[in-house]
Amino acid sequence: MADTIGECLGYARQRLPRLEADLLVSGSLGVPRSHLYAFEERTVDPSAGTRLTDWIGRRERGEPVAYILGRRGFWGLDLEVTPDVLVPRPDTETLVEVALVMVSDESSVLDIGTGCGNAALAIASERPGAQVTATDIDPACIALCRRNAERLGLTVTTRIADCFAGLDDRFDVVLANPPYVDDADPRLRQGDLRFEPRRALVGGPNGGLDIVARLIRESPDHLATGGWLCLEHGDEQGEAVASLFEDRGFADIRGHVDFANRPRVTVGCWREERS
Ligand code: GLN
């Protein structure tokens with residue numbers, strides 16, 4: 001099919017968008033992307049060529065690039081990902097950015113529904129003194145989060161838990177990128193979402209806010225006085241989420257926009273002594 005790196009790039013770019021093509025060529029050859037452009041004349045191993053052809057076919061059938069590569073960058077961290085977890089999205093870097101304002105090196109932090117651990121590990125990388133706990137209902141996610149933490153040399157405590165179930169500590173900051181897509185959203189049957197775990201995406205009928213509402217309802221029992229709850233949500237859910245925070249008695253409720261200027265993260269402070 002192609003004898004040199006340059007020919008592999010040409011072949012892949014004819015079939016896929018340029019960035020996806022280059023990521024698959026670099027992954028299938030096992031070299032960094034910068035290497036591709038510096039050594040276009042180099043010949044490639046036939047087995048790498050076969051792998052590339054297979055990967056391009058998988059991408060053409062819709063499989064997310066991150067699942068094919070088994071890797072995804074998030075917050076500058078190179079993370080292992082598998083089809084057990086949602087592919088970390090740049091959108092969730094907004095959640096991390098917003099949460100970090102409230103997190104010091106003395107804070108205790110809880111990331112609920114951590115998936116591959118992306119948000120928890122990003123926080124641990126920025127605040128090495130903070131006590132970061134990551135939970136997920138799925139043992140496969142927790143195993144993956146642990147592998148990522150170990151490979152990156154970052155410390156997080158992990159727990160298999162359904163939301164707050166079984167956790168008796170109080171935290172200074174609780175954050176989550178929960179499932180918040182409406183069960184009936186047609187996007188679930190299109191594109192990359194078809195390949196991602198439904199459990200990580202779907203937040204119930206009538207707006208997709210069942211899990212968000214549950215986290216807002218239950219979090220006061222798990223927040224220190226003056227602690228913050230930070231939640232990612234869909235760009236049309238900002239007002240509904242803010243009302244849920246308000247009805248529960250949170251203070252200092254604020255919405256934050258993502259890099260595309262859409263309202264995607266809402267935070268609130270729990271000021272009461274008791275819930
Ligand atoms: N932001 C994702 C999407 O709509 C959904 C992630 C989530 O439900 N937590 O593609």
Side-chain angles (χ1 to χ4, degrees), residues 17 19-20 59 62-68 72-75 79 81-99 110-123 134-138 140-142 144-145 148 161-164 173-219 229-242 244-245 255-267:
L19 176 62
E20 293 185 359
R59 180 59 189 145
E63 205 175 324
V65 171
Y67 292 158
I68 299 171
R72 175 71 168 212
F74 180 85
W75 200 267
L79 299 169
V81 298
T82 69
D84 290 322
V85 297
L86 195 77
V87 175
R89 290 150 164 68
D91 317 34
T92 303
E93 295 186 340
T94 303
L95 174 70
V96 170
E97 212 168 86
V98 167
L110 172 64
D111 175 28
I112 294 192
T114 198
C116 70
N118 53 313
L121 293 166
I123 297 219
T135 69
D136 205 288
I137 194 169
D138 183 348
C141 297
I142 289 300
L144 181 57
C145 171
N148 278 321
D162 177 10
C163 292
F164 294 101
V173 176
V174 173
L175 66 139
N177 171 20
Y180 52 73
V181 177
D182 188 288
D183 287 5
D185 192 322
R187 289 184 312 124
L188 292 164
R189 295 189 301 278
Q190 297 157 12
D192 289 13
L193 293 196
R194 287 172 299 159
F195 290 82
E196 294 184 285
R198 240 185 115 77
R199 193 188 51 246
L201 287 166
V202 164
N206 312 317
L209 288 176
D210 289 1
I211 312 287
V212 166
R214 179 173 165 200
L215 292 173
I216 293 172
R217 194 169 60 243
E218 294 180 2
S219 60
L229 176 64
C230 312
L231 295 179
E232 179 177 320
H233 49 72
D235 56 2
E236 289 170 355
Q237 295 173 326
E239 277 181 33
V241 174
L244 290 167
F245 270 90
H256 296 266
V257 293
D258 66 8
F259 56 89
N261 214 30
R262 299 168 304 193
R264 294 298 302 285
V265 173
T266 298
V267 306

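Source: prediction; values computed, not measured. Both counts, for ligands and for their atoms, begin at 1 and track the order of listing.
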Under 3.5 Å: N or O atoms of ligand 1 paired with protein N or O:
{"from": "ligand 1", "atom 1": "1 (N)", "to": "Y180", "atom 2": "OH", "distance (Å)": "2.9"}
{"from": "ligand 1", "atom 1": "4 (O)", "to": "R187", "atom 2": "NH1", "distance (Å)": "3.3"}
{"from": "ligand 1", "atom 1": "4 (O)", "to": "R187", "atom 2": "NH2", "distance (Å)": "3.0"}
{"from": "ligand 1", "atom 1": "8 (O)", "to": "Y180", "atom 2": "N", "distance (Å)": "3.3"}
{"from": "ligand 1", "atom 1": "8 (O)", "to": "L201", "atom 2": "O", "distance (Å)": "3.3"}
{"from": "ligand 1", "atom 1": "9 (N)", "to": "N177", "atom 2": "OD1", "distance (Å)": "2.7"}
{"from": "ligand 1", "atom 1": "9 (N)", "to": "P178", "atom 2": "O", "distance (Å)": "2.7"}
{"from": "ligand 1", "atom 1": "10 (O)", "to": "R89", "atom 2": "NE", "distance (Å)": "3.4"}
{"from": "ligand 1", "atom 1": "10 (O)", "to": "R89", "atom 2": "NH2", "distance (Å)": "3.2"}

Are the side chain of N148 and the backbone of L79 linked by a donor-acceptor contact shorter than 3.5 Å? no
What pairs with R72 under salt bridge (Lys or Arg N to Asp or Glu O under 4.0 Å), at least two apart in sequence or on another chain? none
Which residues pass the side-chain hydrogen bond (donor to acceptor under 3.5 Å, both in side chains) test with R199, not counting sequence neighbours? D138
Under the side-chain hydrogen bond (donor to acceptor under 3.5 Å, both in side chains) rule, collect the residues that match up with T92, sequence neighbours excluded. N177, E232
Would you indicate whether the side-chain heavy atoms of Y67 and T82 approach each other to under 4.5 Å? no
On a heavy-atom basis, the closest approach of F245 and V267 is CE2-C, 3.9 Å
